[in-house]
Asks: 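I'd like to ask you about the structure that follows.
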Amino acid sequence: MTLSILYFGMIAEGVGQSFETWQMPEPLTAGQLKAQLLEKYPVLRDRKFQLAVNHQLADEALPIPPQAEIALLPPFAGG
Amino acid sequence: MTLSILYFGMIAEGVGQSFETWQMPEPLTAGQLKAQLLEKYPVLRDRKFQLAVNHQLADEALPIPPQAEIALLPPFAGG
Amino acid sequence: MSSKTPKKVFVEGPISPAFISDSIAKHQSKTNIGAHAIFLGQIRADQKEEGVVTGIDYSAYPEMAEGVFHQIREAAFEKFELSCMHIYHSLGLVPVGEISLFVFVSSPHRRPTFEALEYIVEEIKAKVPIFGKELLGDSGAFAWKENS
Amino acid sequence: MSSKTPKKVFVEGPISPAFISDSIAKHQSKTNIGAHAIFLGQIRADQKEEGVVTGIDYSAYPEMAEGVFHQIREAAFEKFELSCMHIYHSLGLVPVGEISLFVFVSSPHRRPTFEALEYIVEEIKAKVPIFGKELLGDSGAFAWKENS
């Protein structure tokens with residue numbers, strides 16, 4: 001499965017990019033994906049963010065569908 | 001003592017004028033003045049109004065000062 | 001009561017959208033403000049027994065009304081953390097669809113603006129000696145408005 | 001969820017007072033409306049460690065944000081007796097003193113407008129993926145804004 005991963009605001013600043021694709025050999029949950037992201041980008045350990053899967057906030061148990069659009073969202077600042 | 005009496009809105013419409021002066025031979029309270037107004041203008045018995053004395057809402061026990069400005073205020077409709 | 005002189009509240013006829021945007025624009029130089037809240041009262045075409053409301057003819061006891069507006073201002077500044085407050089109310093004829101009340105509060109933060117806006121509008125409706133004659137249809141009929 | 005298509009919320013740069021008065025004027029033909037309430041978010045010149053805020057550069061996750069705005073709209077129409085609701089938010093740079101958020105609700109009566117205004121603003125602050133980079137002083141320093 002191929003995941004699109006989007007980074008926003010201070011998260012994009014931390015990882016140095018706003019978009020990439022990941023090839024995942026087997027199904028995984030949002031929590032497992034988050035662990036892999038923290039491993040690849042240790043800078044994320046110090047930053048608050050939420051994970052959205054296909055435009056919905058996801059809790060850790062959510063299975064990631066194939067071709068999902070993943071977004072790492074820092075704290076909101078609208079208004 | 002001479003009182004100025006002001007009528008507003010549906011009260012002015014009822015009594016047919018918006019201003020008059022009354023000569024009062026002796027001191028009286030707001031409640032006594034109200035009784036005299038109802039006697040002179042029976043139409044007021046069917047209309048809701050509050051009495052203001054010198055720009056302040058008055059309860060019935062308030063003594064009317066000499067030269068006071070009295071106002072008969074129908075229900076408020078601001079906004 | 002403070003010694004500030006009462007601010008002018010009454011305007012003749014409807015309050016225009018351009019007047020409102022001018023008021024907003026005047027606050028853009030006040031860079032401690034983070035939030036504005038605005039209330040507008042607009043004349044509704046209510047159906048009454050004698051016909052549809054076509055406008056409201058407002059009158060007031062101005063000397064007393066200005067004093068009550070001043071008290072409402074002072075109380076609101078006391079209760080809420082406000083940077084600015086403006087109140088405008090129409091006198092005379094305001095046709096249906098036009099604006100007769102404009103309340104405008106500003107603060108560094110949003111919460112005081114919500115609370116102050118509601119407080120001020122409710123106080124005005126309950127305490128200010130303003131009277132409204134609803135004009136009905138085109139027969140010359142009218143009814144006296146009463147706030148609930 | 002209704003089948004209505006999401007309304008456009010994002011505007012490029014600040015929201016002008018003229019845009020606000022145009023929105024107000026467009027509601028004067030809706031003669032069942034008796035009350036409008038408006039919230040405006042304005043950029044504050046806060047003092048931070050690295051300098052004074054001179055503006056906020058807003059970005060968003062637009063595909064998700066439009067969906068969340070749509071949910072907030074639907075929920076507000078469900079909860080409150082509203083005739084109209086409009087929400088506009090800036091993207092890109094909004095300088096200090098300028099307006100970045102414009103929420104506009106209308107109803108036959110005043111009470112739903114107060115309640116809906118506060119509900120919608122709080123929901124936007126908490127749930128919409130919008131991000132803000134506060135520009136500080138003129139050294140190029142910045143800080144990321146976080147709603148509380």
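Reckoned from all heavy atoms, side chains included, excluding hydrogens, waters and symmetry mates. In what follows, chains carry the letters A, B, and so on, assigned in the order in which the sequence lines appear, proteins first and then strands, with residues in each chain numbered from 1.
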Asks: Which answer fits C:Phe102, side chain, backbone, both or neither, if we ask what part of it has an atom under 4.5 Å from a heavy atom of chain B?
Replies: neither
Asks: If I measure from the heavy atoms of chain B, does C:Ala126 come under 4.5 Å with its side chain, its backbone, both, or neither?
Replies: backbone
Asks: What are the atom names and distances for all donor-acceptor pairs below 3.5 Å between chain B and chain C?
Replies:
from: B:Glu13; atom 1: OE1; to: C:Trp144; atom 2: NE1; distance (Å): 2.6
from: B:Lys48; atom 1: NZ; to: C:Glu146; atom 2: OE1; distance (Å): 3.4
from: B:Lys48; atom 1: NZ; to: C:Glu146; atom 2: OE2; distance (Å): 2.3
from: B:Glu69; atom 1: OE2; to: C:Tyr61; atom 2: OH; distance (Å): 2.5
from: B:Phe76; atom 1: O; to: C:Asn147; atom 2: N; distance (Å): 2.9
from: B:Ala77; atom 1: N; to: C:Ile130; atom 2: O; distance (Å): 2.7
from: B:Ala77; atom 1: O; to: C:Lys145; atom 2: NZ; distance (Å): 2.9
from: B:Gly78; atom 1: O; to: C:Asn147; atom 2: ND2; distance (Å): 2.9
from: B:Gly79; atom 1: N; to: C:His89; atom 2: NE2; distance (Å): 2.8
from: B:Gly79; atom 1: O; to: C:Tyr58; atom 2: OH; distance (Å): 2.6
from: B:Gly79; atom 1: O; to: C:Ser100; atom 2: OG; distance (Å): 3.1

Asks: So which bits of residues 21-31 of chain B come within less than 4.5 Å of chain C, counting non-hydrogen atoms only?
Replies: none
Asks: Quick one: which residue pairs count as a salt bridge (charged side-chain N to carboxylate O under 4.0 Å, His left out) with a foot in residues 83-97 of chain C, not counting sequence neighbours?
Replies: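 Residue pairs passing salt bridge (charged side-chain N to carboxylate O under 4.0 Å, His left out), neighbours aside: none found.
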Asks: Please report, to 0.1 Å, the donor-acceptor pairs under 3.5 Å made by any side chain of residues 72-79 of chain B, with sequence neighbours excluded.
Replies:
none

